[in-house]
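Presented below is the structure to which this report refers.
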Amino acid sequence: MKRLLFLLSLLFFTFSLSAQDSVESGISFDKREYDFGSVPRENKNYTCTFILENKTDKPLVLLSVNTSCSCLKARYSRRPLKVGEKSSITMTLEASKMEKGLFHRVVEVHTNSGVSRLIVRGKSE
């Protein structure tokens, strides 16, 4: 019974997060997840880019991009995006700072229109 309650709660939480991302933030992304695959733990950086578009009816300002790990850095423009304008967020993974094994990092994109979440994952070897 407890397990069923936990699973239902998790399902509801996941649904509410995805609904919040698509409706409240007003941002359209080319992808919501990026899989680095197998990443050797050496002194090398890996990057991926998320393209975003302002789908609101006002200028959109990226206030901050927060990562869930010090091994992941975000680079983005702080210039307001006009309605319909596109920009990018470049994520840099510092492999030497990773622990061995599977990783799943959440990236929160805070704007003047809400919060969106992106996922970066892979396997550190």
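Any value given below was found using the heavy atoms of this structure, including those in side chains, with hydrogens, waters and symmetry copies removed. Sequential numbering from 1 along the given sequence is applied to the chain's residues.
Annotation: the span from D30 atom CG to T49 atom OG1 amounts to 8.5 Å, rounded to 0.5 Å. To the nearest 0.5 Å, the span separating CE on M98 from CZ on R41 amounts to 8.5 Å. Residue C48 holds its SG atom at 10.0 Å from CD1 of I89, rounded to the nearest 0.5 Å. Here S28 contributes atom OG and E53 contributes atom CD; the two are 5.5 Å apart, rounded to the nearest 0.5 Å. Taking CG of L118 as the start and CE of M91 as the end, the distance is 7.5 Å to the nearest 0.5 Å. Between the CG atom in D35 and the NE2 atom in H104 there is a gap of 10.0 Å [rounded to 0.5 Å].
The cationic group of K123 does not satisfy the cation-pi geometry with F103, failing either the under 6.0 Å distance to the six-membered ring centre or the 45° limit from the ring axis.
Between A95 and Y46, the closest heavy-atom pair is CB-CE1, 3.7 Å. Of all non-hydrogen atoms in E94 and S70, the two that sit nearest each other are OE1-O, 4.1 Å. Pairing each heavy atom of H110 with each of V115, the nearest pair is ND1-CG2, 3.4 Å. In plain terms, the two heavy atoms of L81 and S87 that are nearest each other are CD2-CB, 3.5 Å. Considering every non-hydrogen atom in both S64 and Y76, the closest pair reads CA-OH, 3.2 Å. What you find for L62 and S77 is that their closest heavy atoms are CD1-O, 3.7 Å.
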When you look at T92 and L72, which way does the side chain to side chain contact (heavy atoms under 4.5 Å, CB included) test go after all the steps? CA-CA 6 Å; T92 301; L72 195 59; over 6 Å; no
Step by step, would you call E99 with C71 a side chain to side chain contact (heavy atoms under 4.5 Å, CB included)? CA-CA 10 Å; E99 290 190 24; C71 61; over 6 Å; no
Check the pair F50, T90 against side chain to side chain contact (heavy atoms under 4.5 Å, CB included), reporting the backbone distance first and the verdict last. CA-CA 6 Å; F50 294 91; T90 301; over 6 Å; no
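Using a cut-off of 4.0 Å between Lys/Arg side-chain N and Asp/Glu carboxylate O, K100 and E125 are scored as not salt-bridged. In this structure, E85 pairs ionically with R79, as a charged nitrogen and a carboxylate oxygen lie closer than 4.0 Å.
Taking 4.5 Å as the limit, some side-chain heavy atom of V106 sits within range of a side-chain heavy atom of I119. Under the 4.5 Å side-chain criterion, counting only non-hydrogen atoms from C-beta, T111 is not in contact with N54. Side-chain contact between F36 and V120: present, with at least one pair of heavy atoms (C-beta onward) separated by less than 4.5 Å.
At least one donor-acceptor pair closer than 3.5 Å links the side chain of N112 to the backbone N or O of V61.
Other residues sharing a hydrophobic cluster with V83 under the 4.5 Å side-chain heavy-atom criterion for ILVMFWY residues do not exist; the residue is a singleton.
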